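Note that the numbering runs from 1 along the sequence shown for the chain. It should be emphasised that the depicted structure is a prediction, and the values quoted were computed from it without experimental measurement.
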Amino acid sequence: MIIETFIMGGFVLAAGMALGHPVLECLRGGIIVTFACFTSGLLLIGLSAACGIAASRFRRWRSK
C-alpha cells in the first residue's frame, strides 16, 4: 500500500511538471494525493478487518 501511495503522488508530480505547472503547485498536489491515498488505504484495511471480525462473530452466533 505504501509503494502505491508514493507512486500515485509521483504520477501527480510528474504530470504537473510535464504540463508546465509551477514546481510548488505540483509538489503540493502530489503531497495531497499521497496523503489521500494513504488515508483511504488505511480506511479500507480497517473496514476489511472489521468485516472479517463481524463475519466470524456472526458464524459463531449462528452455530449456537
Side-chain angles (χ1 to χ4, degrees):
M1 179 186 81
I2 293 173
I3 294 171
E4 291 89 355
T5 296
F6 286 115
I7 289 174
M8 287 297 293
F11 282 156
V12 170
L13 181 63
M17 299 290 280
L19 292 172
H21 291 283
V23 176
L24 289 177
E25 184 180 323
C26 297
L27 189 60
R28 181 176 153 254
I31 289 172
I32 290 171
V33 168
T34 300
F35 284 131
C37 288
F38 185 72
T39 304
S40 66
L42 286 179
L43 182 63
L44 286 173
I45 289 172
L47 287 174
S48 176
C51 287
I53 291 169
S56 67
R57 286 186 182 174
F58 178 73
R59 272 188 251 125
R60 239 184 291 141
W61 172 77
R62 192 158 180 200
S63 67
K64 287 184 179 181

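Annotation for Gly16 and Cys26: closest pair C-SG, 3.2 Å, computed over non-hydrogen atoms. A pairwise comparison of heavy atoms in Ile53 and Ser56 identifies O-OG, 2.9 Å as the closest pair.
To the nearest 0.5 Å, the span separating OG1 on Thr39 from CG on Leu44 amounts to 11.0 Å. Summarising the geometry, atom CD belonging to Glu25 is positioned 10.5 Å from atom CG belonging to Leu19; distances are rounded to the nearest 0.5 Å. In this structure, CD in Glu4 is found 12.0 Å from CZ in Phe38, a value given to the nearest 0.5 Å. A distance of 13.0 Å separates OG of Ser40 from CZ of Phe35, quoted to the nearest 0.5 Å.
At a threshold of 4.5 Å between side-chain heavy atoms, the hydrophobic network of Ile, Leu, Val, Met, Phe, Trp and Tyr places Ile2 and Ile45 in one connected group.
Under a cut-off of 6.0 angstrom, the local environment of CD1 in Ile3 is sparse, with at most 12 non-hydrogen atoms contributed by other residues, nucleotides or ligands.
At least one side-chain heavy atom of Met1 sits less than 4.5 Å from a side-chain heavy atom of Leu42. The shortest distance between side-chain heavy atoms of Met17 and Val23 falls below 4.5 Å.
Among Ile32, Ile31, Val33, the one residue that satisfies the side chain to side chain contact (heavy atoms under 4.5 Å, CB included) test with Val12 is Val33.
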